[in-house]
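A quick write-up on the structure given underneath.
These numbers were taken from a predicted model, which means no experiment stands behind them. Each ligand, and each atom within it, is numbered from 1 in the order the structure gives.
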Amino acid sequence: MMDRQMEPELMDDPAQVKAYAEADFEIPHQQFIDRLREFVAEPGFAGAALDLGCGPGDICVRFAKAFPFSTIDAVDGSEAMIEYAETFTAPIKDRIRLIHGRLPFVILPQQSYAIILSNSLLHHLPDPQVLWRTIKKTARPGARVAVMDLLRPASRKTAEALVETYASQEAELLRRDFYHSLLAAFTLEEIEEQLKKSELPLHIEQISDRHVFIKGIIP
Ligand SMILES: C[S@@+](CC[C@H](N)C(=O)[O-])C[C@H]1O[C@@H](n2cnc3c(N)ncnc32)[C@H](O)[C@@H]1O
């Protein structure tokens, strides 16, 4: 199995932000929301959610539409991402609060949340416990947690093949970032170890050839 090769933690190059924001994530992002919806099972949910590593805000907007009475605090450490998200989420700005801040240092406007979601942040973190500790600290009892990320393939060759299969139509910059993200991602076994160490009672499942979905209810 190929070792993990980290990529820069924050995505703060404006060209990279644009390439990411313009890429087609319709299928994985909608699947993320659909899985979350099954699991929250309460379309009338009127509480506060927290999106960790929100990027350009596509997941925030999908979440806000799926749960029309919810509010969302969305955090990203990249100023360029937050700027993009400000424009992108503007039509729903009364329910989405964007916060420029980096985990684990960010100071959140609220102490605890009923739903915590995070897509594609974990593989960016040098220390993955930063995500699990933040979830532990900010989840209120009974909180729903949903985390999705990429899985590291066994070899560079497999990573190249995944880029070909899923990003052949995308900009070169996006293809490069996707490749490096696959190399920076964790394996299923590594994430299992992280969860054990964090003592978070979350369930982990591989849901596609490149995605893992981690979910659970905080006691
Ligand atoms: C691959 S993007 C995912 C964006 C979004 N969740 C989505 O699914 O479209 C990862 C984001 O995490 C942010 N990030 C990385 N490390 C972070 C940290 N320690 N604190 C906050 N944001 C971080 C990056 O700046 C980037 O915008």
[X] N/O under 3.5 Å from ligand 1 N/O:
X      : value
Leu125 : no
Leu52  : no
Leu103 : yes
Ser120 : no
Asp76  : yes
His123 : no
Gly77  : yes
Asn119 : yes

Is [X] salt-bridged to [Y], going by a charged N under 4.0 Å from an acidic O?
X      : Y      : result
Lys93  : Glu86  : no
Arg102 : Glu9   : yes
Glu7   : Arg176 : no

Under 4.0 Å from ligand 1, counting heavy atoms only, is it the side chain of [X], its backbone, both or neither?
X      : result
Arg102 : both
Cys54  : backbone
His124 : side chain

Within 45 degrees of the axis of the six-membered ring of Phe186 and under 6.0 Å from its centre: does Arg152 put its NZ or CZ there?
no
Ring-face cation of Arg35 near Phe213 (centre distance under 6.0 Å, axis angle within 45°):
yes
How far is [atom] from the closest protein heavy atom, and which atom is that?
atom                    : result
atom 16 (N) of ligand 1 : Glu9 CG, 3.2 Å
atom 7 (C) of ligand 1  : Tyr20 OH, 3.5 Å
atom 2 (S) of ligand 1  : Met11 SD, 3.6 Å

Gln169 and Asp24: side chain donor to acceptor below 3.5 Å
no
Check: His29/Asn119 side-chain N/O donor and acceptor closer than 3.5 Å
yes
Give the numbers and elements of all ligand 1 atoms closer than 4.0 Å to a heavy atom of [X].
X      : result
Met81  : 27 (O)
Leu121 : 12 (O), 14 (N), 15 (C), 16 (N), 17 (C), 23 (C)
Gly53  : 3 (C), 4 (C), 5 (C), 6 (N), 11 (C), 12 (O)
Ser78  : 25 (O)
Leu10  : 14 (N), 15 (C), 16 (N), 17 (C), 23 (C), 25 (O)
Gly101 : 21 (C)

Answer yes or no: are there more than 12 heavy-atom neighbours, outside Lys18 itself, under 6.0 Å from its atom NZ?
no
Supply the atom-to-atom distance Ile92 CD1 to Ile72 CD1, rounded to the nearest 0.5 angstrom.
7.0 Å
Using ring centroids (six-membered ring only for Trp), state whether Tyr20 and Phe25 fall under 6.0 Å.
yes
Looking only at heavy atoms of [X], does any of them come nearer than 4.0 Å to an atom of ligand 1?
X      : result
Gly57  : no
Met148 : no
Asp58  : no
Phe25  : no

Looking at Leu117, Asp76, Ile116, Asp73, which one forms a side-chain contact (heavy atoms from CB on, under 4.5 Å) with Asp51?
Leu117
Can you tell which of Glu164, Glu160, Glu170 makes a salt bridge (Lys or Arg N to Asp or Glu O under 4.0 Å) with Arg175?
Glu164
With Ser181, which of Arg210, His123, His124 fulfils side chain to side chain donor-acceptor pair (under 3.5 Å)?
His123
Using side chain to side chain donor-acceptor pair (under 3.5 Å), reason through Gln5 and Arg156 one step at a time and then give a plain yes or no.
CA-CA 11 Å; Gln5 287 146 71; Arg156 285 175 177 264; 2.4 Å; yes
